[in-house]
Enquirer: 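My questions will all concern the structure given below.
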Amino acid sequence: MSLPKRDLELLKANRRVKKEDIELAKKIEKEDLHTATDESLLRVRGLIREAGREMHNMKGFVRFKHMGKKLKYGYMKPEHHIGFMISEWFANRFPGVVIVLGNEKESWVSIRTEKGVESEESEDIKSTVEKLADVLGLETEKDFQGLWENYYKSQYADERKNIELFEKNMPAKFRKRARNITENRFYEKTLDELE
Amino acid sequence: MTNLEKIARLAEESKYDVVRPEMDSEEEFDLQKVSILGEGTKHDVCASTATPRIVKGIDRIGSVSSAGICHSFTPDGRCVSLFKTLYTNKCSQDCGYCPNSSSCGENKTISYTPEELAKVTLSLYQSNYVEGLFLSSGMGKDEDLIMESLIESVRLLREDHKFQGYIHLKVLPGTSKDYIKRCIELVDRLSLNIETCSESRMQEVTSTKDYRYDILRRQRYIRDLSEKMDLPAGHTTQTIVGASGENDREIFESMLREYRRMKIKRMYFSSFTPVERTEFEDKENVSTGREHRLYQTDWLFRVYGFEPREIIAAFDEHGFLPKKDPKIEIARHVLDEAVDPNEASKERLLRVPGIGPKSASRIVRARKEKEIIKRRELAKFGVVLKRARPFLKLNGWKDTTLDRWMT
Ligand code: SF4
């Protein structure tokens, strides 16, 4: 028995992981982490959680633009090394479509077909999308931000305003890493109205 | 050929997008309709998208998550994870709190068609704004016709567009058993809102809905059918807190009936907010704190496994919950002496404020290996010491009785 594969992957993906954390993780079971009081085990638990939290948030907060039916791309600048974990997760969600996630420096490209998932690391997102669009002969870009903005605003209940809770659930760092334009804009406006 | 070209080639060769609709451009949507019908559901609080359904094959759009995913939050702190909308705002009922009620006079009727609704859902879903659809509706002139449209909308998504994302569908009061059966075949979760806690309370908010016939009987249909068929995320209900003059104890008792008799998965509470032009526009707004305390009793019953007779200790003589965590009030009644974390059963540990199911399990497991000596160790198991301290003894030492009562 050892830690589940997923936990080990998340641990390795954490930017702050050290060799000794991985060594330790290979020797323990999931239960040991639950009952940990020892500092080194608590550290491992914390690192797994931290990368897991980012992974979970990115799955929800990343937004896609579309080129034809074959290509989706979205901005993502994760703190931890979870790029492929996310792009492959989306590739499984949308079979047959090329998924590109990334930022000014790097991007992760994945596709799921009948043969399985193929992935590739690439340069900045803009050039990657341009290259793929070129090969696929795609030109028009579509996004549904206006549709989302209308819907998103309709869900806000002013009588329940709770800025603290919003910040806790959707912290600025994640809004920045997934570039959540609508949420930021509406949040700023709500704050202004407060003053 | 570069690896990127290889990936592009795979996309070209893949036939698994042939069923996808070419997505409309944004300009083709009626954004006002999206806003108005979206706003009609903002007091429906269930935002869960967790479902154990297994998605197979690759000839599909979408998937689900067993833990659920939140896609956004509004500045009220609530999760926005589904495209939650009414199908139509037309309604023949006269609920006093609702802006779509027939008692509000003539509203401009706004409705989707199943095709339109499917397109908005798919556009938001494929852009990763939502995890799926939550479809509710006013009852129109004829609830059967509206229910048919709701079913057709989800059928179109599931069957024609091969949409495998999450779907939560509201069953309209009075819906037939056959329609409910069809709904179960198509969705992850069904719900039917009881809105009030009893027949007499319902009569205070509407003269057109029959609590037993339109609501309870339909809930029994859902319960019985979902025992035989697969309704992956179960069925739920919601009640409005404070719209009919009820106290918390009445709500708590209706919650127990819902869990025990109707076998619901979750009960949701939505505190009453007066809406202009409705019959109840002059009623007082109910604080979200009241709603929160009811959720705490729900949690104690459902997750902590408290007996209702223990929880009842938290209500005051007027049937209301105090303005603090009900678990503290309950602990004062049920814990006759301080709890020793090295000896107490898991059930007893759970009755200590500041100790939850996870920390109780950690304590039980850890003490098998080594006696717990310091408070600091408890904090590492996740115990909230500030709250737990007055109820605990460690090494024979306990905090003062005064502390315990002053928490
Ligand atoms: S049934 Fe009642 S709450 Fe529902 S839309 Fe009609 S009037 Fe509103």
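The basis for the numbers below is simple: all heavy atoms, side chains too, and nothing from hydrogens, waters or symmetry mates. The sequence lines fix the lettering, A, B, ..., with proteins before strands; numbering per chain opens at 1.
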Enquirer: Give, as side chain, backbone, both or neither, the part of A:E121 having an atom under 4.5 angstrom from any heavy atom of chain B.
Expert: neither
Enquirer: Under 4.5 Å, heavy atom to heavy atom: which of residues 73-90 of chain A reach chain B? Give them by number, or say none.
Expert: A:W89, A:F90
Enquirer: Heavy-atom cut-off 4.5 Å, strictly under: side chain, backbone, both or neither for B:T288 against chain A?
Expert: side chain
Enquirer: Check whether A:T182 gets within reach of chain B through its side chain, its backbone, both or neither, counting any heavy atom under 4.5 Å.
Expert: neither
Enquirer: Checking the side chain of B:S270 only, and the main-chain atoms of B:H43 only, is there a donor and an acceptor separated by less than 3.5 Å?
Expert: yes
Enquirer: Heavy-atom distance under 4.5 Å to chain B: side chain of A:K115, backbone, both or neither?
Expert: side chain
Enquirer: With a 4.5 angstrom heavy-atom cut-off, is it the side chain or the backbone of B:Y129 that approaches chain A, or both, or neither?
Expert: both
Enquirer: Using a cut-off of under 4.5 Å for heavy-atom pairs, which of B:E39, B:K358, B:Q164, B:H71 has the most such pairs with chain A?
Expert: B:H71
Enquirer: Could you check A:L33 against A:V44 for side-chain contact (heavy atoms from CB on, under 4.5 Å), going step by step and ending with a plain yes or no?
Expert: CA-CA 8 Å; A:L33 284 188; A:V44 168; 4.1 Å; yes
Enquirer: Shorter than 4.5 Å, heavy atoms on both sides: which option in A:N169, A:L165, A:N57 has the most such pairs with chain B?
Expert: A:N169
Enquirer: So, are A:D158 and A:K161 salt-bridged, with charged N and O less than 4.0 Å apart?
Expert: yes
Enquirer: Could you pull out all residues at least two apart from B:E12 that satisfy side-chain hydrogen bond (donor to acceptor under 3.5 Å, both in side chains)?
Expert: none
Enquirer: Would A:E50 and A:R16 pass as an ion pair if we require N to O under 4.0 Å?
Expert: yes
Enquirer: Examine distances only and state if a side-chain atom of A:H66 and a backbone atom of A:E141 form a donor-acceptor pair shorter than 3.5 Å.
Expert: no
Enquirer: Suppose a student defines contact as a heavy atom less than 4.5 Å from any heavy atom of chain A. Which residues in residues 362-371 of chain B would they list?
Expert: B:R362, B:R365, B:A366
Enquirer: Applying salt bridge (Lys or Arg N to Asp or Glu O under 4.0 Å) between A:E183 and each of A:K153, A:K189, A:R63, report the one that passes.
Expert: A:R63
Enquirer: Report which part of A:E31 has an atom under 4.5 Å of a heavy atom belonging to chain B: side chain, backbone, both, or neither.
Expert: both
Enquirer: For A:E104, is there an ion pair with A:R179 - N to carboxylate O distance below 4.0 angstrom?
Expert: yes
Enquirer: Which answer fits B:T273, side chain, backbone, both or neither, if we ask what part of it has an atom under 4.5 Å from a heavy atom of chain A?
Expert: side chain
Enquirer: Taking every heavy-atom pair that is under 4.5 Å apart, which of A:L71, A:L147, A:I111, A:V135 has the most such pairs with chain B?
Expert: A:L147
Enquirer: Go through B:Q32, B:R376, B:E291, B:E377 and name the one with the most non-hydrogen pairs under 4.5 angstrom from chain A.
Expert: B:E291
Enquirer: State, yes or no, whether a side-chain contact exists between B:Y97 and B:F272 at a heavy-atom distance under 4.5 Å.
Expert: yes
Enquirer: Look at A:K168, A:Q155, A:E159 and state which one has the largest set of heavy-atom pairs under 4.5 Å with chain B.
Expert: A:Q155
Enquirer: Salt bridge check, B:R78 against B:D76: does any charged N sit closer than 4.0 Å to a carboxylate O?
Expert: yes
Enquirer: Given the options A:F174, A:F186, A:Y187, A:Y151, which has more heavy-atom pairs under 4.5 Å with chain B than any of the others?
Expert: A:Y151
Enquirer: When heavy-atom pairs shorter than 4.5 Å are enumerated against chain A, which of B:I36, B:I69, B:V130, B:T85 gives the highest number?
Expert: B:I69
Enquirer: Scan residues 51-60 of chain A for pairs that pass salt bridge (charged side-chain N to carboxylate O under 4.0 Å, His left out), counting only residues two or more places apart or in two chains.
Expert: A:E54-A:R177
Enquirer: I'd like to verify something: which residue of B:V80, B:V120, B:N285 has the highest number of heavy-atom pairs under 4.5 Å with chain A?
Expert: B:V80
Enquirer: Is it true that A:E167 and A:K173 make a salt bridge, defined as a side-chain N closer than 4.0 Å to a carboxylate O?
Expert: no
Enquirer: Within the distance-only criterion (no hydrogens, no angle test), does the side chain of B:R53 pair as donor or acceptor with the backbone N or O of B:G165 below 3.5 angstrom?
Expert: yes
Enquirer: Main chain of B:T51, side chain of B:D188: is a donor-acceptor contact present, judged purely on distance under 3.5 Å?
Expert: no
Enquirer: Inspect the surroundings of CD1 in B:I54 and state if more than 12 heavy atoms from other residues, nucleotides or ligands are less than 6.0 Å away.
Expert: no
Enquirer: Side chain, backbone, both or neither: which part of A:D32 has a heavy atom under 4.5 Å from chain B?
Expert: both
Enquirer: Is a side-chain N or O of B:N342 found less than 3.5 angstrom from the main chain of B:I372, in a donor-acceptor match?
Expert: yes
Enquirer: Would you check if the side chain of B:K84 reaches a backbone N or O of B:K42 as a donor-acceptor pair within less than 3.5 Å?
Expert: no
